[in-house]
Amino acid sequence: MKTVPMTENVYDYLAQHQTPLHPILPELIEVTRQRPDAGMQIAVDQGVFMNQLVRLIGARRVLEIGCFTGYSTICMGLGLPEGGEIISCDVNQETATVARHYLKAAGLEKKAQIILGPAIDTMQKLLTNRGKNTFDLIFIDADKENYGSYYEIGLELLRTNGVILADNVLWSGRIIDSADTSPATEALRRFNALVRKDSRVEASMLSLADGLYMIRKKG
């Protein structure tokens, strides 16, 4: 097994050798860094990967569960073609306001929509109003206790060969700490086990950032 220890210096080198996405992103990183919950923002390399994935699978419709201050929304939105759409679900009015400001600054106000309210309710409405097999990519990065529900409804909304990305599946290593029985950790364990055994999908758990599950819906 060959892995590279991800020291701060190694990560800085890695981050400096990514393709820059948009000049507004460093400003958003700094603004978010001032927040006590700044750790909720995705990593720079993860944002680049997600932007590339949107392009590689030819995604036109993206659904995001958990917007925070909009960094991931911008990364994915910038990968969309003309006429593409990203819908982001969140419950926090304050962070959604920040996200809307930076989405506009990134030129994405016509492609991006943030819907406030419980994501499960929003997903059910999308299923009713738009039907199954509607989205090309779904990014799950919200409350861990509902990952299983987001996944199940997401599979209905996702087209064949579409991709679900689920964040934080390694949970800073706590996922393998048997002493950690917190609700969020236990929920992530159940979710990871569900995906692993699910014959409807093919999945690869990546060590990117805090662990990213890349899940393809089979035909």
Student: So, using side chain to side chain contact (heavy atoms under 4.5 Å, CB included) as the criterion, who are the partners of N146 when residues are at least two apart?
Tutor: I120, D143, S149, Y150

Student: State which residues pass salt bridge (Lys or Arg N to Asp or Glu O under 4.0 Å) with E27; sequence neighbours excluded, sorted by chain then number.
Tutor: none

Student: Run the salt bridge (Lys or Arg N to Asp or Glu O under 4.0 Å) test against D180 and tell me which residues pass, sequence neighbours left out.
Tutor: R174

Student: Not counting sequence neighbours, list each pair that qualifies as a salt bridge (charged side-chain N to carboxylate O under 4.0 Å, His left out) and has a residue in residues 193-202.
Tutor: E152-R200, D198-R200, E202-R216

Student: Does anything in residues 50-65 pair up under salt bridge (charged side-chain N to carboxylate O under 4.0 Å, His left out), and if so which pairs, sequence neighbours excluded?
Tutor: none

Student: What residue pairs, at least two apart or across chains, pass salt bridge (charged side-chain N to carboxylate O under 4.0 Å, His left out) with a residue in residues 182-194?
Tutor: E186-R189

Student: D90: which residues meet the salt bridge (Lys or Arg N to Asp or Glu O under 4.0 Å) condition with it, sequence neighbours left out?
Tutor: none

Student: Say whether K218 and N161, considering side chains only, have a donor N or O and an acceptor N or O under 3.5 Å apart.
Tutor: no

Student: Residues two or more places apart in sequence or in another chain: which of them pass ring pair (Phe, Tyr, Trp, His ring centres under 6.0 Å) with F191?
Tutor: Y147, Y151

Student: For D136, check salt bridge (Lys or Arg N to Asp or Glu O under 4.0 Å) against everything at least two apart and list the hits.
Tutor: R159

Student: Tell me the salt bridge (charged side-chain N to carboxylate O under 4.0 Å, His left out) pairs involving residues 102-130, sequence neighbours left out?
Tutor: E85-R130

Student: Enumerate the side chain to side chain donor-acceptor pair (under 3.5 Å) contacts for residues 4-22, please, sequence neighbours excluded, ordered by first and then second residue.
Tutor: Y11-D45

Student: Which pairs pass side chain to side chain donor-acceptor pair (under 3.5 Å) with one or both residues in residues 32-42, sequence neighbours excluded?
Tutor: E30-R33, T32-Q41, T32-T69, R35-D37, R35-E94

